[in-house]
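Comments concern the structure below.
Chain A is the first sequence line, chain B the second, and so forth, proteins listed ahead of strands; every chain is numbered from 1.
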Protein chains: 2
Amino acid sequence: MSLPQMSESTEMYLKAMVELGLSNVVSIGRLAERLNVTPVSANEMVRRLGDQGLLTHTPYKGVSLTDKGREAACNVVRRQRLWEVFLYEHLHIEWAKLYELACSLEHATAPEVTEALAAFLGDPKFCPRGNPIPAADGSFLPLDGRPLSTASVGETVEVLAVNATTTDVLKYLQERGILPGQTIRVLEAAPLQGPLTLKVGEKEVALGLSLAEFVIVKNS
Amino acid sequence: MSLPQMSESTEMYLKAMVELGLSNVVSIGRLAERLNVTPVSANEMVRRLGDQGLLTHTPYKGVSLTDKGREAACNVVRRQRLWEVFLYEHLHIEWAKLYELACSLEHATAPEVTEALAAFLGDPKFCPRGNPIPAADGSFLPLDGRPLSTASVGETVEVLAVNATTTDVLKYLQERGILPGQTIRVLEAAPLQGPLTLKVGEKEVALGLSLAEFVIVKNS
DNA sequence: TAAAATGTTATGGCTAACCTTATTATTCCA
DNA sequence: TGGAATAATAAGGTTAGCCATAACATTTTA
């Protein structure tokens, strides 16, 4: 009574590839880190996915999706983000938990359910974390933004999306008001990869650089 | 990014126990048949579930749920049937596919999603197949009915529920109008475990005894 | 340019849930 | 009561996706 013609693990790898930048070459290390597996395991799995024609691996360089992989990946991400919308707007699930809970559902969703869900939700274009939802045909307009970690002191930016996935990181950002739509001013950037000091609403917030990478912003 | 503290397989065994009669002693053979595994595999798995205290197995007699197992099982069935309601009423998924599609989702549903879903749906008491939905506290009022296979010639009965799970069986019954609420008259019962001849609406329908076991009816 | 960091490959191990084949035990029924 | 049906047990095999450890290759960077 299950459906996966693509395993849960495969879906996680594909999703990670999209989240780390749809068209980027991603190192095995980064992939392993995001998926919480050892580099050795990621290497094995990347070989399997390569054998299935979903991605290409250039040794010592990194991994990128093939056309087939990109299509499959967009489909996975579509399901993920549609469920996030449903959980948020209709079930009123806590924002920080959306990714994790939607992730489980995503793996269990047949194509006809995906499309019926999209129709039910009114074909939303963005998920509650601000990320675009790929269309049914696989088309995907990426966000026109950059990570907050690249912003310079004095800049004022607007949060487009939060790209984090783990509940604890999302909760941390939420508690500090770092949510889509929020305007942020960069007050200070500590040297040696140190944290940013931000003005978020009325509050001053210190944010580590690695967390700031998860926050996608545009000039405002 | 998954949740199962109880494996998918465990959930399927528990669900099967409920579907084969919440308080019945079920033989390994029947369990194996419904789950589409060999009796040897079912035996192994039953031992594992016994070790976890979910059910008790009396050799050569059969299997029954413990209190702990019953609670877990009701929870699984609750999730399953709530999703059936959602898929049917909000996503307009084909009736015959509900069980299978809801089954996948069920395994991927965290408790907080279950309860939010129940609230969203207005705490429904029955699934689209006519089966009762266990309450959040585990209480479960079973149907007051019996299998159509036990009906005698000349009886007129009303379908309370369809207990089948596979899409092909559900489709077969649906095509013949055998759905909850339908009134059926038993015209004939062939000897030697032969099929029943039924009057369903305007049509005469022949139905094998093993299929008739899936149809729960009451006197009407 | 050498050391550090990163990536690759090899080997072996683990787990859950299935499988087959074969043997033995029990229960049911005629 | 004896054979058929059903159930239990034993032994060994498979798969996916992980793990660790260790050796080796390449790339980056100081």
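By the 30° and 60° cut-offs, the orientation of the rings of A:Phe120 relative to B:Phe120 is perpendicular. By the 30° and 60° cut-offs, the orientation of the rings of B:Phe86 relative to B:Trp83 is perpendicular.
Atom CG of A:Leu173 and atom CZ of A:Phe214 lie 8.5 Å apart (nearest 0.5 Å). Between A:Leu65 atom CG and A:Leu54 atom CG the span is 8.0 Å, to the nearest 0.5 Å. How far CG of A:Leu160 is from CZ of A:Arg146: 10.0 Å, rounded to the nearest 0.5 Å. Put simply, OG1 on B:Thr165 and CZ on B:Arg34 are 4.5 Å apart, with the number rounded to the nearest 0.5 Å.
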Both distances under 3.5 Å, Watson-Crick or G-U wobble: on that basis, could you give the dot-bracket string for DNA chain D, with [ ] for crossing pairs and | for other-strand partners?
||||||||||||||||||||||||||||||

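Atom-to-atom, CD of B:Glu44 to P of D:dA7 comes out at 16 Å; the value is rounded to the nearest Å. When the P atom of D:dT9 is taken as reference, atom CZ of B:Arg47 falls 9 Å away, rounded to whole Å. In this structure, A:Glu8 atom CD and C:dA17 atom P are separated by 14 Å, rounded to whole Å. We find that CD of A:Gln52 is positioned 9 Å from P of D:dA16, with the value rounded to whole Å. For the pair B:Asp51 CG and C:dA17 C1', the computed distance is 15 Å after rounding to whole Å. Nucleotide D:dA5 holds its C1' atom 14 Å from the CD atom of B:Glu33, rounded to whole Å. If you measure from atom CE of A:Met45 to atom C1' of D:dA16, you get 8 Å, rounded to the nearest angstrom. Nucleotide D:dA7 holds its C1' atom 13 Å from the CG atom of B:Leu31, rounded to whole Å.
Comparing C:dA17, C:dA10, C:dA22 against the side chain of B:Ser7 picks out C:dA17 as the nearest. Out of C:dC18, D:dC18, C:dT20, the shortest distance to the side chain of B:Val40 is found at C:dT20. Side chain of B:Lys61, nearest nucleotide from D:dC18, C:dT27, D:dA8: C:dT27.
For D:dA8, one of the phosphate oxygens OP1 or OP2 lies less than 4.0 angstrom from a side-chain nitrogen or oxygen of B:His57. For D:dC18, neither phosphate oxygen OP1 nor OP2 lies less than 4.0 angstrom from any side-chain nitrogen or oxygen of A:Thr38. A sub-4.0 Å separation between OP1 or OP2 of C:dA17 and a side-chain N or O of B:Arg48 is present. In this model, the phosphate group of D:dC18 is approached by a side-chain N or O of A:Ser9 to a distance below 4.0 Å at OP1 or OP2. Here A:Asn43 does not reach the OP1 or OP2 of C:dG7: none of its side-chain N or O atoms lies under 4.0 Å away.
Summary of the strand contacts: B:Leu35 and A:Ser27 both lie near DNA chain C, and taking for each the nucleotide with the nearest heavy atom, the more 5' one is attributed to A:Ser27. Both A:Tyr60 and A:Pro39 sit near DNA chain D, but only A:Pro39 has its closest nucleotide nearer the 5' end.
Residues A:Ser210 and A:Glu213 bring no donor and acceptor atom of their side chains to less than 3.5 Å of each other.
The shortest side-chain heavy-atom distance between A:Arg78 and A:Thr114 falls under the 4.5 Å cut-off.
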